[in-house]
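The structure appears below as structure tokens.
Hydrogens, waters and symmetry mates play no part in the numbers below; they use all other heavy atoms, side chains included. This structure is a prediction, so every number in the text was calculated from the model and none was measured. Throughout, numbering of the chain's residues begins at 1 and tracks the sequence. When a ligand or atom number is given, it counts from 1 through the structure's own listing order.
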Amino acid sequence: MRWCLVALKLWCHFLLFVEATTLGVNWGTMAFNPLPNSIVVKMLQDNQITRVKLFDANPDVIKSMAGTNIEVMVAASNDELSSLATDSAAAAAWVRDNVTQYLASNNNGVNIKWVAVGNEPFLTSYNGVYEDVALPALQNVQAALANAGHGNDIKATIPCNADVISTPPPYLPSQTTWRADIASLMVQISQFLNNTGAPFMVNLYPFLSLVLTTDFPLPYAFFNSTSNSIVDGTHVYTNVFDASYDGLVTALTNAGFPSLPIVVGEIGWPTDGFQSANIQFAQSFMSQLANHMLSGTGTPLRPGVLQGYLFSFLDEDAKSIAPGAFERHWGIFNYDGSIKYTLDLSGGVANGVNSSLVAAKNVPYLPMQWCVINPNTDLTQLQANLDYACDHGDCTATYPGGSCSSLTVEGNASYAFNNYYQYNDQDTGACNFQGLAEVTTTNPSTGTCHFFIGLQPTTVSSSTSDVAPFHRASLRTLSLSMMVMLGSWILQL
Ligand SMILES: *[C@@H]1O[C@H](CO)[C@@H](O)[C@H](O)[C@H]1NC(C)=O
Ligand SMILES: *[C@@H]1O[C@H](CO)[C@@H](O)[C@H](O)[C@H]1NC(C)=O
Ligand SMILES: *[C@@H]1O[C@H](CO)[C@@H](O)[C@H](O)[C@H]1NC(C)=O
Ligand SMILES: *[C@@H]1O[C@H](CO)[C@@H](O)[C@H](O)[C@H]1NC(C)=O
Ligand SMILES: *[C@@H]1O[C@H](CO)[C@@H](O)[C@H](O)[C@H]1NC(C)=O
């Protein structure tokens, strides 16, 4: 583009990358008060999000995107890998039931473009149980897609944790290798992906490096640092994202796949339940991330627009908090689709555009009433009731560093009682707690501490059952333990 004068360079970047400049989002559904799918889909459209990654193949969620042209990634769970690997008929049935039955018909189909085969199946915490089945499952799924006539337009890949690579001291991306126990497997997988034209998918979490590594330098988690650099030959790294990403590029290059596309499967920053999980850091990280990925600058080894899926679109308050109370607060939107912070997902600075997020519309709130402590009662049973409410609800905002962490014990009880009450659809019996609680129409929220109002139960049954919400969360627990290992090298900075 010779007419691209220096002064117009940014504009030309915009023209060149306009097709590619969209970040996708992960849409997880482990919530006590899920927004109706139709509202979530409207939010996706209003925010011009054109790529969505799912963690399962929930029929209601998939069907809700029919006719939207949103590019959908559906997922097979790790539990399904074994049958997909050993039985090509099972893979064919899986592809039929979870993919092809939804595809385009009269512009009213679902634009499924990707299949995730398992989720982080190579975590060392799994002791290798999926190592023999993940690649055959990937092969069988891609073959089933091809047999169904969709080998070219739908690609399967395996979302990997960043623990599939390893960087020895002195922690230079150029020295990164595959993790020793799966090195030849990763080369085979890369070869398969290179053959089929599917990307390598990796999840990257600078936030976890920060929280799990005591001496991790805060600026290195963000993209605006000029210090905390790693000098690697002619390349300088000022953020852990680029360093991890280029470590993967190095491993792929040394395996013979220097240009295999990489897609970041999950990346984000939570906003509550922990000190560094706050609105300010999340806004900085996500804004900087969007600008970084979409600007075309890329990483030292991969200049250009970077592709990825933000984690996550909405908060999921039914996730396990074993890894940390922040687990329920990864959304760029709150549980009800309200906005947490200003964020320009189009990479504003780079594109000269500054568009803000668009909140959910027509949210079906329950009546504006809350459940709080009745202080004029015998409080001897307070703690037991508080604990019960927290066990059956979500008190993570009251944890140290959280948005409600400065409440009194009575405030804690009100917060917990209200959660329980809202989760139980404001059922009168759910605001009793041995006479300790009462309903009020006065909003008990104070400062940053928001006492929420539940949503009307969705009429369409969700296939996410009572037990399902904690399934993916348990995977994340393991993933976190791996991040400890990954994060430890940063200590040396
Ligand atoms: C996906 O397909 C498999 C195989 O037919 C089936 O057992 C499973 O129920 C499907 N998943 C969903 C969520 O429908
Ligand atoms: C990887 O794919 C590219 C693009 O199709 C091809 O040019 C290259 O030869 C492949 N590399 C290997 C090692 O198969
Ligand atoms: C970079 O962003 C972080 C997070 O908002 C902020 O604390 C820090 O001051 C910023 N650093 C610079 C050099 O602007
Ligand atoms: C975008 O607009 C918001 C709200 O008006 C503002 O806070 C933010 O700094 C702007 N971002 C850029 C990159 O101009
Ligand atoms: C409120 O609950 C949180 C979370 O359990 C706890 O850390 C805090 O100490 C409690 N506050 C009081 C005053 O008991």
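Between the OG atom in Ser82 and the CG atom in Asp132 there is a gap of 10.0 Å [rounded to 0.5 Å]. In this structure, Ile182 CD1 and Glu131 CD are separated by 6.0 Å, a value rounded to the nearest 0.5 Å.
Taking distance alone, with nitrogen or oxygen atoms compared against 3.5 Å, Asn98 approaches ligand 1 more closely than that limit.
When atom types are taken as modelled, the side chain of Trp269 and the backbone of Pro206 share no donor-acceptor pair closer than 3.5 angstrom. The backbone N or O of Thr196 sits less than 3.5 Å from a side-chain atom of Lys155, completing a donor-acceptor pair. Remark: side-chain polar atoms of Asn26 are paired, donor with acceptor, to backbone N or O of Leu310 under 3.5 angstrom. Between the side chain of Arg51 and the backbone N or O of Ile70, no donor-acceptor pair lies under 3.5 Å.
The distance from ligand 2 to the heavy atoms of Phe257 drops below 4.0 Å at these ligand atoms: 12 (C), 13 (C). The ligand atoms of ligand 1 that sit less than 4.0 angstrom from a heavy atom of Asp97 are 2 (O), 4 (C), 5 (O). Atoms of ligand 2 lying under 4.0 Å from any heavy atom of Gly256, numbered from 1 in the order shown and given with element: 13 (C). Every atom of ligand 1 is numbered from 1 in the order shown, and the set under 4.0 Å from a heavy atom of Ala57 is 12 (C), 13 (C). Listed by atom number, the atoms of ligand 1 under 4.0 Å from Ala93 heavy atoms are 5 (O).
Tested against Tyr237, the residues Asp242, Asp246, Asp232 include a single side chain to side chain donor-acceptor pair (under 3.5 Å) partner, Asp246.
Remark: the Ser346 side chain and the Asp344 side chain contain an N/O donor-acceptor pair separated by less than 3.5 Å. There is a side-chain donor-acceptor pair under 3.5 Å between His329 and Thr396.
Within 4.0 Å of ligand 3, protein heavy atoms belong to Phe222, Asn224, Gln280, Ser284, Gln288, listed by chain and number.
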